[in-house]
Amino acid sequence: MAERIWDTPEITGWRRVTAHAIRHDLDGPDRRRSLDGTWRFQLLDHPEQAAGADWTEIRVPGAWTVQPAGGADLPHYTNVTMPWPGAPLPPPGHNPTGVYERDVDVPAAWAGRRIVLHVGAAESVLLARVNGVDVGWSKDAHLAAEFDITAAVRPGEPNTVRLTVVKWSDASAIEDQDQWWHAGLTRSVFLYSTGTTYLGDLRTVAARDGSLRVDVRVLSTGRTLPVGWRVSVTLDGRPVPLDTAHEQQQIDVDRVSDWWAEPRFSTVVPAVVPWSDETPSLSTLDVVLHDFDGAELDRTRIRIGFRDVTIVGRDLLVNGVRVMIRGVNRHDFDPRTGRTVTAAQMRADLVLMKRYGFNAIRTSHYPNDPVLLDLADELGLYVVDEANIEAHDHAHEIADDVRYLPAFVDRVARMVSRDRNHPSVIIWSLGNESDYGANHDAAAGWLRRADPTRPLQYEGAIKDDWTGGLAGSDIVCPMYPSLAQIVEHARSGDQNRPLIMCEYSHAMGNSNGTLADHWAAIESTPGLQGGFIWEFWDHGILQRLADGRPAGPSAGEHWRDGAAEPGYRWAYGGDFGDSPNDGTFCADGLVFPDRTPKPAMAEHRELASPIRLSDAGDGMVRIVNRSAFRDLGRLQAAWELNGGLLPMTLPALGPGQATQIPVPSAPGTPDGEQWLTLRVSVGQEQPWAPAGTEIARPQVRLRPEKRPLTARAGATGGGTPAEVDDDGLLIHPTFAVAPRLSLWRAPTDNDRIGGQAARWLRLGLADAVRRVTGIQREADRTLVDAVYETTAGPVRHHLTARRIGPVILIGEEVVLPEGLDDVPRVGTVLQLKAGYDEMSWFGHGPRDTYPDRHAGGPVGDYTCRIDDAFTPYLRPQESGGRHGVRRLRLTGPDTPPVELIMDEPRQVSVTRFTAADLDRAAHHDELTPRAEAVIHLDAAHRGLGTASCGPDTLARYLVHAGTYRWEWTVSAPG
Ligand code: GAL
């Protein structure tokens, strides 16, 4: 046995079964035996230590880093940085090595058959032994390793399987993805058995014209194939004929070589419904291997889809149609297991994506469990299937390092060999962030020859030159370019390939600002075709506060609506004492660790709506079918107007077609502005949603608000001075803290990492001291002048307050000096006394919306509990904002209702926390909600942008120096 394979990059595996596309995870119990469950386990200090006699227990599949058996070897989070300093080789001397062992009853009926051990995933090096015999080794933590154990195993008798997993290796240096480091067996383990002549591989090519080619590889454990074997192939029960060109070989049985044969079948299936994201129609392909008397020796079944993927000019076409890629990057993640996920969990992820308008996944940054691709085939999601190669920290050295050449080619080739029959896979990816070198071109060379039916992409190949890197990428797939950059490229005349961003709109914390701007540009600029949002998950690991340990796979659910329950928290980098670490940078997804969607998901849903409305004037609205392949017959809709729902029959519009329809009439026309909303839902049951599931709410404003603030607030007649205290602060029986100027927000992750937060701190915005410079009471109003001291100079604030009938009318004016350009907000902050627990508003809703993220929040009347208005981003930050609020009402069981009416639609928030409360806390368990409600009314609020990784918000969403004026009313006391 070769020594130290964990620091020998040239060795990618030993005695593995050749990668293939035959699925044994789906075999029946007569041919498959699961080895999932409890195993004996011990954790050694390093791989050269001998295992002892002390065993504990561990769950398989499962990383040891989240189980008690892993002891002190806990999850460790780094992005680029390798967990050990210096050169990637050799790996550190302290190298946790897990020995998994269990007894296995191999059925006596398997005697004389071929028996294979399948290990779904092992992180990072696997050494397998059966009954004390070495049966094979493998690397690549995200592809299965299979070993033929026929010679080592004793059917009908007890057998011992020992799987040794070494945590750190040469492979770690090319598995340096931005995620938690774990270790162990993270996918299922099983045995399967075949006859000695068996189906070794299956390759299908099915195109939208109905042409189908099926290549079957028949293998035998002997030196020759037995005489008389035959393969039959059926599609949905109908025979697929053997290709005449290959018939002769078939009759001669084994003419291709002495020991394997490759019969090829082909046909043209009439009238196929092509597979696409909108029409995921699948056919069942059965392949049966018979012996000379026709008896069945082996069989396999897969589902295939007929579809084409081509690139024409700078367009990626699916079935000849330029489709928009509304994608998201997805990691394997679970807050209790780290990255062991079940089929049900994967389905739940994909169902959620479909319901929120996603049509594509990039398997960042490694091949997923094959079940994920089955689900993508079934539900209709395009997949960029990515090889497990990320050399990030040592990218430059490794991309051209000949020692790593076998690993690059091996990882790409094994992925392709496994996944090539899935219609959902439309693009292969050579990996992520590994610079660009000869090793990539070698892998691309293998791939182009092995699968000419799909394009491949690799961001590293185009990183420095969007017109170059042609050998390494068929797609310009940049990460986090600015909007201006992609538009400029598309208009430059230099674009030579489709542009689909492999990562964009970094979803860290309160983020995804300007998504609507992105999509407006993408949809109107030829050459731009979408991209993949970074990313689906917030990778917060459920951690028990009592002992600081991961709650582990057997913990129940300890979360609700995105938040961890008391006694637990979502851990991020550093919370397990892991060092070095990248803190919260792993919490950058569109969903919380429990899969609760963040508000940004709603934004995406609306932008992906298959129907869009616009005002066509003269009592008509224009309606567009934005689907690529289907008419509107699959959807149903209802109008919402003046607070009521009206039935609606969608017009018969083909893909891309538009028409005008009359605005419906509804009773109860409001005095002020009027909005028409279309509630669009699934018409016929889909695999991802029952009929009636709402998928979009496009909206048009029919009439703007024309009434002045006083009219809307019911304030008529002259005013009287409002009461203020000696500091010029407004007195009101419901105020716990009187209104003041606010220029700061609790920094979002984008503000913090993008550098704004530090600048705002230096400017003194968080704690600007207020000084009153004058209080004047006139006949009908009170005037207060104050300054707020910042390091950029004083900010003058002028307030006018008068009581008019049922309300107090407050006018404010602020002058921001030149040095205060680009601040987070200009507005009013106040606190209501305890006792208010509900808020209602007219504006964007129902969830958080911001100036550069409100397309997903239709304007309307909303009500929610104040406690629920806040979104618990993993690191506390500005949250709970509602954009374009015209009217806000706060109520409680024993408190007088308070209503605030704004002069024009404003950014508002009502939470239990001040900005300082949020800023001080690193986790939610450190926050104590206040009994008071903290209300912000902003004259201006900075956009969210995505600057934690990528472009900041656009200039039009910044809050510049200058003069701001705003007015609002509050219900007058008694
Ligand atoms: C990208 C990388 C991702 C992730 C992201 C930031 O550069 O490909 O894995 O690190 O940035 O969250």
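The chain is numbered in sequence order, starting from 1. We count ligands from 1, going down the list as the structure has it; atoms in each ligand are counted the same way.
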Problem set entry | Check: Tyr356 ring centroid to His604 ring centroid under 6.0 Å |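 No, too far apart.
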
Problem set entry | For Gln877 against Asn510, the heavy-atom pair lying closest together |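 Answer, listing the atom of Gln877 first, then Asn510: OE1-N, 3.2 Å.
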
Exercise. Mind checking whether Glu390 has an N or O less than 3.5 Å away from an N or O of ligand 1?
Worked result: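 Checking ligand 1 against Glu390, no N or O pair falls under 3.5 Å apart.
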
For this session: Using a 4.0 Å heavy-atom threshold (strictly under), name the region of Met508 that reaches ligand 1: side chain, backbone, both or neither.
Result: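 Neither part.
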
Exercise. How does Glu433 reach ligand 1, by side chain, by backbone, by both or by neither, if only non-hydrogen atoms under 4.0 Å count?
Worked result: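 Under 4.0 Å from ligand 1, Glu433 contributes side-chain atoms alone.
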
Exercise. On the ring face of Phe592, is Lys598 found with NZ or CZ under 6.0 Å from the centre and within 45° of the axis?
Worked result: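 Geometry flag: set, cation within 6.0 Å and 45°.
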
Problem set entry | Lys NZ or Arg CZ of Arg595 over Trp559 ring: under 6.0 Å, within 45° |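 Geometry flag: not set, cation outside 6.0 Å or 45°.
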
Exercise. Is the side chain of Arg411 donor-acceptor paired with the backbone N or O of Asn388 at a distance under 3.5 Å, no angle test?
Worked result: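 Here the side-chain-to-backbone pair exists.
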
Problem set entry | More than 12 heavy atoms from other groups under 6.0 Å of CD on Glu926 |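 Yes, because the 6.0 Å sphere around CD of Glu926 holds more than 12 heavy atoms from other groups.
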
Problem set entry | Heavy atom of His365, distance to ligand 1 below 4.0 Å |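 Yes, His365 has a heavy atom closer than 4.0 Å to ligand 1.
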
Exercise. Looking at ligand 1, does Glu503 have a heavy atom less than 4.0 Å from it?
Worked result: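 Yes.
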
Exercise. How far is atom 4 (C) of ligand 1 from its nearest protein heavy atom, and which residue and atom is that?
Worked result: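 Checked against all protein heavy atoms, atom 4 (C) of ligand 1 sits closest to Asp178 OD2, 3.2 Å.
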
Problem set entry | Heavy atom of the protein closest to atom 5 (C) of ligand 1 (residue, atom name, distance) |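 Scanning the protein heavy atoms, the shortest distance from atom 5 (C) of ligand 1 goes to Tyr480 OH, 3.3 Å.
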
Contact atoms of ligand 1, heavy-atom distance to [X] under 4.0 Å:
{"X": "Asn79", "result": "10 (O)"}
{"X": "Asn432", "result": "2 (C), 8 (O), 9 (O)"}
{"X": "His506", "result": "6 (C), 12 (O)"}
{"X": "Phe585", "result": "6 (C), 12 (O)"}

For this session: Dump the intermediate steps for ring-ring contact (aromatic ring centres under 6.0 Å, His included) on Tyr458 and Trp428, then the final yes or no.
Result: CA-CA 9 Å; Tyr458 173 54; Trp428 302 112; over 10 Å; no

For this session: Classify the ring geometry between Tyr480 and His506 as parallel (under 30°), tilted (30 to 60°) or perpendicular (over 60°).
Result: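 If you compare the ring of Tyr480 with that of His506, the planes turn out perpendicular.
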
